[in-house]
Every structure is written in C-alpha cells, then in structure tokens.
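Following: one structure in structure tokens, then a few remarks.
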2 protein chains.
Amino acid sequence: MVPNKHDPSRLERICQAKGVKMTGQRRLIARVLSDSEDHPDVEQVYRRAFAIDSEISMATVYRTVRLFETAGVIERRDFGDGRARYEAARGDHHHHLIDLDNGKVIEFRNAELEGLIEAVALELGYRLEGIRLELYGMSAPRSAEEAHTRTKQLQARLAQAVRDRRPR
Amino acid sequence: MVPNKHDPSRLERICQAKGVKMTGQRRLIARVLSDSEDHPDVEQVYRRAFAIDSEISMATVYRTVRLFETAGVIERRDFGDGRARYEAARGDHHHHLIDLDNGKVIEFRNAELEGLIEAVALELGYRLEGIRLELYGMSAPRSAEEAHTRTKQLQARLAQAVRDRRPR
DNA sequence: CTGTAAATGCAAATCATTCGCAGTTGCAGG
DNA sequence: CCTGCAACTGCGAATGATTTGCATTTACAG
C-alpha cells in the first residue's frame with residue numbers, strides 16, 4: 001500500500017536541492033528528522049529510523065547526521081548533557097529555554113535581544129558569527145502555594161543531582 | 001624556603017569556608033585554579049598541578065574538579081570542543097565571546113542584556129535560573145584590505161573544517 | 001596511638017562518537 | 001539494459017574524555 005515512489009520528506013527535498021546524494025538510509029533519516037518536532041539525539045534518531053526500517057546502523061546515522069549538518073540541512077545542538085541533539089535547520093535563528101522541571105525545550109526568538117547581542121559583540125571589537133544562547137528556568141508558579149511545592153521539589157532535585165552527579 | 005604553613009590560595013579559603021575537606025592534592029588543585037586566569041580543561045589543570053607536585057593523578061583531578069564544582073567553588077564551561085573547562089566562580093555572571101581566529105576567550109558582562117534576557121524568560125512564563133550565552137566572532141578588521149585577507153582565511157578555515165569535521 | 005571513614009592511584013570500564021575495511025549500491029556513460 | 005567504480009553501508013574495533021572498582025594510603029577524632 002505504500003507507494004513505491006514515496007513522496008520525499010521536506011528535508012529530502014532540501015538535500016536534493018543542495019545536491020546531496022541520497023540513498024535509502026539517508027532518505028529514511030531525512031524523513032525521521034523532518035517528522036521530529038523535538039531535538040532528538042543520535043540514538044533517538046537511530047531508534048526512530050530503525051522502527052521504520054531495521055536496515056540501518058548507528059554508524060550510518062552518525063555519518064548521515066554529520067553530512068546533513070555540514071550541508072546546512074540540520075543543526076546540531078548541545079544542551080550540556082553530553083550528547084549532540086539535532087533539529088531541521090529553519091531559516092530563523094532561535095534560542096532555547098530548557099524547563100528545569102521536566103527537561104522540555106521551548107524555542108523562542110527575539111529581534112531586540114539579537115540586536116543587543118550583536119551590538120555587544122561589536123562593542124568588543126568583533127563581528128558576530130554565531131550565538132549560542134540557552135536559558136534554564138522553572139515555569140513561574142501562579143500561586144504562593146504552588147511556589148512552595150515547587151521550591152521543595154527543586155531542593156530535592158538539587159540534592160539528588162549533587163548526590164549522583166553526571167546528569168543523563 | 002617555601003613556608004611549611006603555606007598561605008592558602010583564594011579557592012582553598014573558600015573551600016574551607018564551605019566546609020570542604022582539604023587534602024594535599026585538593027589544596028594543590030585549588031591553588032592551580034586560583035592562579036589560572038584562563039579556562040583550563042582537566043588535562044591542563046592536571047599538567048599545571050603535576051608541574052608543582054607530581055604526586056597527583058588525573059583521576060584525582062577529575063574527582064576534585066567535580067567536587068569543587070558541586071560545592072560551587074568553580075564553574076564548568078563548555079565551549080563546544082568536547083571537553084569541560086573550568087574557572088573559579090566569581091560572584092558575577094559573565095558571558096564569553098570566543099575569537100574564531102585564535103580561540104581566545106573574552107569575558108564580558110552587560111546588565112542591559114541580562115535584564116532583557118530575564119524579561120524574555122518571564123514573558124515565556126519562566127523564572128530564569130541560568131543563562132548560557134556564548135558569542136562566536138571574528139575580531140573586526142580595521143581596513144578593507146585586512147577584511148579581504150581575513151575573508152580568505154575564513155574561507156580556507158571553513159573549507160578545512162568541512163573536510164575534516166570534529167573541531168578540536 | 002589507633003581505628004575508621006574518606007581520599008588517592010592505577011587500571012579497567014563507560015559513553016558518545018569515529019574509523020578501517022570488506023562487501024554493497026547508486027548511477028554516469030555506454 | 002549492462003558495466004565500473006566511486007561512494008555508501010554495516011560491523012566491530014579504535015578513540016578520547018570521563019568515571020569507577022579496588023586495594024592502599026591518609027587524615028584525624030577519640
């Protein structure tokens with residue numbers, strides 16, 4: 001029932017346009033990344049691809065993801081947990097806010113902020129080539145009660161973190 | 001000539017105040033980090049410590065640096081080159097601008113910027129707990145000529161980077 | 001001075017990622 | 001539709017940073 005000439009995923013089309021040679025597994029990875037709305041690490045990409053077609057290896061995922069990145073088709077992210085995350089490259093620069101409660105990643109953009117950052121770089125005598133901005137925050141509580149609960153949770157979390165370090 | 005009761009380094013004093021148990025190698029590492037004005041990685045810390053007293057192992061440096069970090073005495077940095085850097089924790093938050101020409105790290109601070117960032121977080125419904133901001137830039141050329149040279153260098157650099165990926 | 005918990009050194013183990021190599025495949029040119 | 005070869009893939013072994021197990025040493029309270 002699956003059409004032989006499957007319609008290419010968004011990223012596959014972009015690869016095509018950029019002249020990146022496509023193969024079965026590259027198409028698959030392109031599709032997985034096109035369909036992902038989050039920031040999967042390589043293993044997640046591998047698992048999602050494997051679920052569709054088990055004819056793929058980690059090595060190829062690593063190679064392909066690297067290829068796509070240097071081709072500018074996807075972007076690498078590093079949220080400080082020791083493994084690379086990827087997301088489809090969109091035209092805009094956006095930044096990330098990581099929710100310390102649940103690890104969720106919220107994307108945002110702000111022209112004023114960007115302008116100011118560029119100005120700061122210029123002031124230091126530099127032409128800005130890249131920004132890496134991540135915010136870490138707790139979703140603001142609506143009530144004092146909620147705030148209290150949250151504070152206790154945070155304390156517990158921090159104590160735990162101190163105990164077994166090396167966040168996963 | 002070295003006094004037996006050596007005067008404690010700044011970080012050693014802070015550890016003391018925080019109740020971190022000190023030993024010979026911890027004192028040594030505290031001194032090395034106190035004296036470092038840059039952002040050494042673990043191997044550099046090890047080398048600098050080893051140069052003073054070879055009675056120290058990498059494992060201990062790793063463990064101590066981890067200990068100091070969780071105690072809030074030093075801060076871990078990650079400039080995206082795959083190894084952790086450390087610097088003594090100062091009271092202020094500051095950010096880093098990495099010079100793409102020579103890898104030098106410039107520190108800066110900007111209240112306006114920080115305020116704006118906090119506002120952005122708030123706007124998203126979050127209380128800001130941490131910021132990670134790194135700028136990557138090329139030192140701005142003073143002349144058109146210099147600009148041209150620089151552009152060519154950049155192109156060569158980029159081409160090279162594309163070729164052998166994995167920045168060191 | 002002594003006992004014990006904590007710290008250290010060493011080497012082996014982990015973890016994410018890359019690489020070597022032999023076998024497979026995509027596809028330009030016939 | 002065939003051919004040939006460069007490019008691609010899978011596998012497992014190699015890397016590089018960091019952590020850990022364990023036997024030994026050390027700090028220091030009693």
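Chain A is the first sequence line, chain B the second, and so forth, proteins listed ahead of strands; every chain is numbered from 1.
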On DNA chain D, more 5' by nearest nucleotide between B:Asp41 and B:Met22 is B:Asp41
If each of B:Ala59 and A:Val61 is mapped to the nucleotide of DNA chain D with the nearest heavy atom, which maps nearer the 5' terminus, i.e. the 5' end?
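The answer here is A:Val61.
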CG/B:Leu97 to CG/B:Leu135 distance, rounded to the nearest 0.5 angstrom?
5.0 Å
How many angstroms lie between atom CZ of B:Phe108 and atom CD of A:Glu123, to the nearest 0.5 angstrom?
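If we round to the nearest 0.5 Å, B:Phe108:CZ and A:Glu123:CD are 10.0 Å apart.
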Over how many whole Å does the gap from [X] atom [atom1] to [N] atom [atom2] extend?
{"X": "A:Glu43", "N": "C:dT18", "atom1": "CD", "atom2": "C1'", "value": "16 Å"}
{"X": "B:Arg26", "N": "C:dT8", "atom1": "CZ", "atom2": "P", "value": "5 Å"}
{"X": "B:Met58", "N": "D:dT18", "atom1": "CE", "atom2": "P", "value": "8 Å"}
{"X": "A:Tyr46", "N": "C:dA16", "atom1": "OH", "atom2": "P", "value": "14 Å"}
{"X": "B:Arg27", "N": "C:dA7", "atom1": "CZ", "atom2": "P", "value": "13 Å"}
{"X": "A:Arg63", "N": "C:dC21", "atom1": "CZ", "atom2": "P", "value": "13 Å"}
{"X": "A:Lys21", "N": "D:dC5", "atom1": "NZ", "atom2": "C1'", "value": "10 Å"}
{"X": "A:Arg85", "N": "C:dT17", "atom1": "CZ", "atom2": "P", "value": "10 Å"}

Presence of [X] side-chain N/O under 4.0 Å of [N] phosphate oxygens OP1/OP2:
{"X": "A:Tyr62", "N": "C:dT18", "answer": "no"}
{"X": "B:Gln25", "N": "C:dG9", "answer": "yes"}
{"X": "A:Arg66", "N": "C:dC19", "answer": "yes"}
{"X": "B:Thr23", "N": "C:dT8", "answer": "yes"}

Under 6.0 Å from the NE2 atom of B:His94, do we count more than 12 heavy atoms belonging to anything else shown?
yes
5' precedence on DNA chain C between A:Ala84 and B:Thr64 (nearest-nucleotide basis):
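By nearest-heavy-atom nucleotide position, the 5'-most residue is B:Thr64.
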Using distance alone, with no hydrogens and no angle criterion, decide if B:His93 and B:Glu75 have a side-chain donor and acceptor under 3.5 Å apart.
no
For the side chain to side chain donor-acceptor pair (under 3.5 Å) test, which of B:His39, B:Glu134, B:Arg85 pairs with B:His96?
B:His39
